[in-house]
Asks: 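If you scroll down you'll find the structure; I have some questions about it.
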Amino acid sequence: MPIVRVDPFDPQPEAIAHAANLLRQGRLVAFPTETVYGLGANALDTNAVEQIFSVKGRPSYNPLIVHVADAEAARRLVSHWPEHAQRLAAAFWPGPLTLVLPKRPEVSDLITAGLPSVAVRVPAHRVALALLRTADLPVAAPSANRFTQLSPTTAQHVEKALGSQIDLIIDGGPTTVGIESTVVDVAGARPVLLRPGLLSIDDLASIVGEIEVPSQHLVEETPRPSPGMLHRHYAPRGELHIFAPQHRDGAALLARQAVEAQRTVGALLLSPLDAPIQHPIVMPDEPAAYARMLYAGLHSLDDLGCDVILVEQVPSTSAWVGVRDRLQRASQ
Ligand code: TXA
Ligand code: MG
């Protein structure tokens, strides 16, 4: 599997030109964004988009995000560009925000899973932007992992998951945000949060006034209104258990029992725990730094063969909503 290393801040034009050519030929290219690595295909080429679904093992009811180089290009994919879209794009693009808007007929039903809306995003990553500008195409890109598995934050994670099945992986080093973009539906009168991310509800509300947060985000998800948001998602192979900080004794007991049962135990903790955990990771106590390490931490616990992963619950404040959401899904 060809992997090409590029400078994340100033990617080599030849490498980008090569990747852009592959996209134009209908091939798949994995590339870094600031959130996670994406598995990209020309959004205007239905055969290429079909390959994304088959390589990921992703069901066709799960719509894709279309990546573009700027808001102008996003506007060409949608039939309305409401005031809320304009404000959020001006405030956060390029950045870890995806906007859902009514689609133009040219956007295929395959990308939107038959929905009348399309998700668009301008990523804040020099490699992604160089690729989008050079290819001069909208690029459909889900996270570059197999369906329901952990999202990749390094080129090596992509290689491990999808290695032989894609034409090129552009290695731009580890991603900085670390969890997937915040998804907001701006088609209606009131913006609706469809997937929490690192941009907090407060950040969004400061731009659009009010934002609706469906309660299922933190607990349960139905397939609507954001069809991709399944119950179990972003999950490691090991069993993941979340424990509240006031139940550290219980977690230590669980670790002892698991080890006695010959199981390998890993943990994501907020401070060291006195327990026989073979692979403890003490995570940062600040949400952006935690998010950046989250998937890398879970990937490494998977690689170490952990059967059980104990995760200390993170705070319930607005800034932690994205991280809590991913932990919740990984534990189901
Ligand atoms: O950070 C990210 O968003 C990464 C990078 C690669 O940009 N991409 C990503 O894509 O996470 P994916 O396919 O793993 O997640 C797409 C999310 C799903 O939750 C899906 O339901 C939602 O976007 N989505 C896409 N189109 C939608 C639509 N028309 N209406 C509602 N939700 C939509
Ligand atoms: Mg994904």
Side-chain angles (χ1 to χ4, degrees), residues 29-41 43 49 52-53 55-68 77-78 92-104 107-125 127-129 131-132 138-153 157-158 161-162 170 172 175-188 191-199 214 216-217 221-235 291 295 322 325-326 329-330:
V29 173
F31 62 96
T33 78
E34 79 280 37
T35 58
V36 300
Y37 274 69
L39 177 61
V49 175
I52 290 182
F53 286 92
V55 163
K56 275 189 62 106
R58 180 172 173 128
S60 60
Y61 56 75
N62 203 336
L64 303 176
I65 296 172
V66 181
H67 297 67
V68 286
L77 299 169
V78 305
F92 299 118
W93 278 357
L97 174 67
T98 295
L99 297 177
V100 173
L101 289 151
K103 78 176 187 80
R104 286 205 189 173
V107 178
S108 87
D109 284 339
L110 192 57
I111 286 178
T112 67
L115 295 172
S117 56
V118 62
V120 288
R121 163 165 128 80
V122 179
H125 195 290
V127 174
L129 289 173
L131 182 62
L132 292 166
V139 172
S143 50
N145 53 284
R146 301 237 353 130
F147 182 59
T148 76
Q149 294 182 357
L150 287 175
S151 291
T153 58
H157 296 158
V158 180
L162 303 175
I170 308 178
T175 65
T176 52
V177 171
I179 60 172
E180 303 81 356
S181 62
T182 303
V183 181
V184 179
D185 183 337
V186 280
V192 183
L193 180 72
L194 297 182
R195 178 175 70 183
L198 206 62
L199 285 181
Q216 78 260 26
H217 272 306
E221 279 277 334
T222 52
R224 298 278 306 146
S226 190
M229 303 295 279
L230 296 177
H231 223 58
R232 181 178 166 88
H233 216 138
Y234 317 111
Y295 290 135
D325 170 83
R326 300 309 185 276
R329 280 171 211 292

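Residue numbers count from 1 along this sequence. Start at 1 and go down the list; that is how both ligands and their atoms are numbered. None of the values given here were measured: they were computed from a predicted structure.
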Asks: For Gly38, take its heavy atoms, then give the atoms of ligand 1 lying under 4.0 Å from any of them.
Replies: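 Counting from 1, the qualifying ligand atoms are 6 (C).
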Asks: Is the contact between Leu194 and ligand 1 made by the side chain, the backbone, both, or neither, using heavy atoms and a 4.0 Å cut-off?
Replies: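 For Leu194, the contact with ligand 1 is made by the side chain alone.
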Asks: Go through the side-chain N and O atoms of Glu180 and Ser151 and say whether any donor and acceptor fall under 3.5 Å apart.
Replies: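 Distance-only check passes for Glu180 and Ser151.
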Asks: Any N/O/S atom, backbone or side chain, of Asn145 lying under 2.8 Å from the Mg ion (ligand 2)?
Replies: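 Checking Asn145: none of its N, O or S atoms is under 2.8 Å.
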Asks: Run the side-chain contact (heavy atoms from CB on, under 4.5 Å) test against Leu64 and tell me which residues pass, sequence neighbours left out.
Replies: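 Expected list: Val49, Ile52, Phe53, Arg58, Ile111, Ala140, Pro142.
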Asks: Select one of side chain, backbone, both or neither to describe which atoms of Thr112 lie under 4.0 Å from any atom of ligand 1, heavy atoms only.
Replies: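 Answer for Thr112: neither.
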Asks: Which ligand 1 atoms, with their elements, are less than 4.0 angstrom from a heavy-atom of Ser143?
Replies: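 Listed by number with element: 8 (N), 9 (C), 10 (O), 12 (P), 14 (O).
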Asks: Hey, does the side chain of Thr33 reach the backbone of Thr35 with a donor-acceptor pair shorter than 3.5 angstrom?
Replies: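 Indeed, once roles are kept as given, a pair shorter than 3.5 Å links the two residues.
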Asks: Kindly compute the distance separating OH (Tyr37) from NE2 (His125), expressed to the nearest 0.5 Å.
Replies: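 Answer rounded to 0.5 Å: 6.5 Å.
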Asks: Test your reading of the model: is there a side-chain donor-acceptor pair from Lys56 to the backbone of Ser143, 3.5 Å cut-off?
Replies: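 Side chain of Lys56 to backbone of Ser143, a donor-acceptor pair under 3.5 Å: yes, one is there.
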Asks: Supply the atom-to-atom distance Thr153 OG1 to Ile179 CD1, rounded to the nearest 0.5 angstrom.
Replies: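 Reported value, rounded in 0.5 Å steps: 11.5 Å.
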Asks: Which ligand 1 atoms are under 4.0 Å away from a heavy-atom of Ser181?
Replies: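 Reading through ligand 1 atom by atom, the close ones are 1 (O), 2 (C), 3 (O).
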Asks: Which of these, Ile65, Leu64, Val100, has its nearest heavy atom closest to atom 30 (N) of ligand 1?
Replies: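 Minimum heavy-atom distance to atom 30 (N) of ligand 1 goes to Val100.
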Asks: Can you confirm whether Ile170 sits close enough to Val127 that some side-chain heavy atom of one is under 4.5 Å from a side-chain heavy atom of the other?
Replies: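 Yes - at least one pair of side-chain heavy atoms lies under 4.5 Å apart.
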Asks: Return yes when Val36 approaches ligand 1 closer than 4.0 angstrom through a heavy atom, no otherwise.
Replies: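 Yes; Val36 lies near enough to ligand 1 that a heavy-atom distance drops under 4.0 Å.
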Asks: Any N/O of Lys56 closer than 3.5 Å to an N/O of ligand 1?
Replies: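 No, since none of the N or O atoms of Lys56 sits under 3.5 Å from an N or O of ligand 1.
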Asks: With heavy atoms of Pro142 as the reference, note each atom of ligand 1 found under 4.0 Å away.
Replies: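 Reading through ligand 1 atom by atom, the close ones are 10 (O), 12 (P), 13 (O).
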Asks: For Pro63, take its heavy atoms, then give the atoms of ligand 1 lying under 4.0 Å from any of them.
Replies: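 Those atoms are 20 (C), 24 (N), 25 (C), 26 (N), 27 (C), 33 (C).
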Asks: Does an N or O from Asn62, backbone or side chain, lie closer than 3.5 Å to an N or O of ligand 1?
Replies: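 No, there is no polar N/O contact under 3.5 Å.
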Asks: Atoms of ligand 1 less than 4.0 Å from Leu115 heavy atoms?
Replies: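 Result: 28 (C), 29 (N), 30 (N).
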Asks: Any chance you could measure Asn145, atom CG, to His157, atom NE2, to the nearest 0.5 Å?
Replies: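 Answer rounded to 0.5 Å: 11.0 Å.
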Asks: Can you check whether Pro94's main-chain N or O pairs, donor with acceptor, with Arg121's side chain at less than 3.5 Å?
Replies: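 It does not hold such a pair.
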Asks: Taking N or O atoms only and a 3.5 Å limit, does Tyr37 qualify as a polar contact for ligand 1?
Replies: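 No, Tyr37 has no N/O under 3.5 Å of an N/O on ligand 1.
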Asks: Any idea which atoms of ligand 1 are less than 4.0 Å away from a heavy-atom of His67?
Replies: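 Near His67, the atoms of ligand 1 are 5 (C), 6 (C), 7 (O).
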Asks: Run the side chain to side chain donor-acceptor pair (under 3.5 Å) check on Thr98 and Arg195 step by step: do they pass?
Replies: CA-CA 9 Å; Thr98 295; Arg195 178 175 70 183; 5.0 Å; no
Asks: Measuring from non-hydrogen atoms of Ser117 to any atom of ligand 1, is the shortest distance under 4.0 Å?
Replies: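 True for this residue.
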Asks: If we only count heavy atoms from C-beta on, is the Arg326 to Tyr295 side-chain gap below 4.5 Å?
Replies: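 Arg326 vs Tyr295: side chains touch.
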Asks: Which ligand 1 atoms are under 4.0 Å away from a heavy-atom of Ala119?
Replies: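 It comes down to these atoms of ligand 1: 25 (C), 26 (N), 27 (C).
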Asks: Nearest heavy atom to atom 12 (P) of ligand 1: which of Glu180, Arg58, Arg121 does it belong to?
Replies: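 Going through Glu180, Arg58, Arg121 one by one, Arg58 has the nearest heavy atom to atom 12 (P) of ligand 1.
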